[in-house]
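Note that this is a predicted model, so its numbers are computed, not measured. The first residue of the sequence shown is numbered 1, and numbering continues consecutively from there. Atoms within each ligand, like the ligands themselves, are counted from 1 in listed order.
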Amino acid sequence: MRKVLIAGNWKMHKTNEEAEALAKEILRGLAETKGVEVALCPPFTALERVKKVIEGSEIALGAQNVFWEEEGAFTGEISPKMLIAIGCKYVIIGHSERRKYFKESDEQVNRKLSKAIKMGLIPILCVGETLEERKANKTWSVVERQLTSALNGFQGEGEIVVAYEPVWAIGTGIPATGEDALEVILKIRERLSELLNESFASSTRILYGGSVTPDNIMEFLKFKEIDGALVGGASVKSESFIGIVKKAALRGET
Ligand code: PEP
């Protein structure tokens, strides 16, 4: 069974104080909600504060990026060891904003993912095509390249989560349709089966991400093959994030 995962990517939002307040609101709002795994991914600076709020609850902590070395002269970077020490379970890797603004290559994504897994973190690997690539009918070739390259050398020695995030749907208010997301997600699962094996593929959670709100979450979760969502904008407001998680929790009853 794959438990639905709703992960909030807070991006570069929230000071320590604001992050603590948001985490408290989310914790309170979800106190009675069961059946969904929730992960909060605040900025590095707020990880410890958020961890203190969610400690003892079932909400997990995630980071938004990681470097591939354990320690050393890498100014400005954060290692998997540091994330583990602070209590992270997840780490987002290969987000399209990092690929775009920081020129993260497929090879760097692969190095980050390999090291994160080796150190015991669960990567949330983001893949997805730009609008130009979609218009040129390259959606699958791009996603397949990103996925295959990220998993180069990986032999199933740890858990991963994949997030299909069409770049044109991120932060635009224009989500993909559930059917479009499903089509790519089915192919991702098939590719995971080829790269690893059927049991790895069928136990791996594949999320959708891109302008998810409480109003459209079920458009994706109505499909059993879509195992949750990576949420950006709607995750930094307690009301909308709680709304998404509560709707997701109903899936088990539909
Ligand atoms: C994201 O940043 O991963 C994301 C999906 O953002 P948004 O929900 O704002 O589109």
*Under 4.0 Å, heavy atoms only, figure out whether ligand 1 is touched by the backbone of I170, its side chain, both or neither.*
both
*E239 atom CD: more than 12 heavy-atom contacts under 6.0 Å*: no
*Short question: side chain of R98, backbone of E104 - any donor-acceptor pair under 3.5 Å?*
no
*Any idea which atoms of ligand 1 are less than 4.0 Å away from a heavy-atom of L230?*
3 (O), 5 (C)
*Contact with ligand 1 for A169, non-hydrogen, under 4.0 angstrom*: yes
*Does A234 have a non-hydrogen atom less than 4.0 Å from ligand 1?*
no
*asked:* Looking only at the side chains, is there a donor atom on one of Y208 and E219 sitting less than 3.5 Å from an acceptor on the other?
replied: no
*Going by distance only, is there an N or O of T172 that falls short of 3.5 Å from an N or O of ligand 1?*
no
_Heavy-atom nearest option to atom 10 (O) of ligand 1, drawn from G232, G171, G233, A7_ = G171
*Could you tell me whether R49 and E17 make a salt bridge, using a distance below 4.0 angstrom between a side-chain N and a carboxylate O?*
yes
*Numbered atoms and elements of ligand 1 in range of G210, under 4.0 angstrom, heavy atoms*: 5 (C), 10 (O)
*For the pair E97 and K11, find out whether any cationic side-chain nitrogen is under 4.0 Å from an anionic carboxylate oxygen.*
yes
*Does R111 come within less than 4.0 Å of D106, counting only side-chain N to carboxylate O?*
no
_Below the 3.5 angstrom mark, is there an N/O of E97, backbone or side chain, next to an N/O of ligand 1?_
no
